Amino acid sequence: MARVHIKKNDLVYILSGKDRGKSGKVLKVFPNKNRAVVEGLNYIQKHTRPNPQKNVKGGILPKESPIHISNLMVMCKRCNKHSRVRTNILPDGRKVRVCRNCNELLDE
Ligand SMILES: [Zn+2]
């Protein structure tokens with residue numbers, strides 16, 4: 001599996017695209033695609049065809065689309081900045097993410 005530094009429920013900062021400079025909560029991560037869906041950001045207008053058999057109404061449906069994780073940075077709660085993340089391995093073998101700015105643990 002690819003190395004993904006973003007996890008579900010992280011607060012992330014968007015580095016590029018039309019929502020650059022905004023931040024939001026990660027709803028879902030697609031590690032295989034290196035993409036993540038961020039709540040309320042990167043909306044696309046999804047056009048749907050009416051399909052009476054499936055009871056789907058036609059029209060335009062705003063939908064969050066996945067953002068490539070290289071465009072996302074984790075927000076650190078302690079220094080309140082988007083920050084580079086380092087991975088530390090604890091004595092018990094667990095991997096935890098650490099803020100490179102302030103060395104705060106980003107994982108419980
Ligand atoms: Zn920090």
Side-chain angles (χ1 to χ4, degrees):
M1 199 164 78
R3 280 184 22 194
V4 175
H5 63 283
I6 303 283
K7 286 185 182 172
K8 194 180 165 184
N9 294 328
D10 276 350
L11 193 64
V12 291
Y13 177 90
I14 316 255
L15 293 168
S16 70
K18 64 182 179 192
D19 286 322
R20 176 176 28 189
K22 295 182 186 171
S23 53
K25 194 174 89 173
V26 175
L27 297 179
K28 200 168 184 187
V29 181
F30 302 97
N32 299 330
K33 295 179 184 166
N34 286 321
R35 284 173 187 272
V37 174
V38 181
E39 187 174 41
L41 294 179
N42 206 36
Y43 272 110
I44 52 161
Q45 303 292 329
K46 192 171 190 251
H47 296 261
T48 46
R49 274 170 192 276
N51 185 340
Q53 285 168 338
K54 288 182 183 166
N55 200 23
V56 173
K57 284 184 195 144
I60 299 171
L61 189 77
K63 193 177 187 310
E64 288 127 332
S65 77
I67 302 170
H68 198 269
I69 59 157
S70 66
N71 295 328
L72 300 175
M73 276 182 115
V74 178
M75 293 284 286
C76 171
K77 285 172 195 146
R78 181 163 158 201
C79 57
N80 206 22
K81 279 188 203 160
H82 52 282
S83 157
R84 288 190 166 272
V85 170
R86 191 179 50 184
T87 303
N88 274 5
I89 298 172
L90 295 180
D92 64 7
R94 279 193 303 141
K95 283 184 184 169
V96 289
R97 296 172 305 163
V98 177
C99 171
R100 285 204 193 198
N101 268 337
C102 66
N103 289 324
E104 177 81 353
L105 290 185
L106 298 171
D107 293 303
E108 300 300 314

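Order of appearance sets the numbers: ligands from 1, and atoms from 1 within every ligand. In this text the structure is predicted, and so the values were computed from the model without any measurement.
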Using 2.8 Å as the cut-off, count the protein N, O or S atoms closer than that to the Zn ion (ligand 1). 4

Does any part of the side chain of [Y], heavy atoms only, come nearer than 4.5 Å to the side chain of [X], both counted from C-beta?
X	Y	answer
Ile69	Phe30	no
His82	Ile14	no
Asn34	His68	yes

Pairing residues for Leu90 by the side chain to side chain contact (heavy atoms under 4.5 Å, CB included) criterion, not counting sequence neighbours: Asp92, Arg94, Val96

Of all pairs that satisfy salt bridge (Lys or Arg N to Asp or Glu O under 4.0 Å), the ones with a partner from residues 7-27, not counting sequence neighbours: Lys7-Asp107, Asp10-Arg97, Asp19-Lys22

Kindly state each residue pair satisfying side-chain hydrogen bond (donor to acceptor under 3.5 Å, both in side chains) with at least one member in residues 37-58, sequence neighbours excluded. Asn42-Ser65

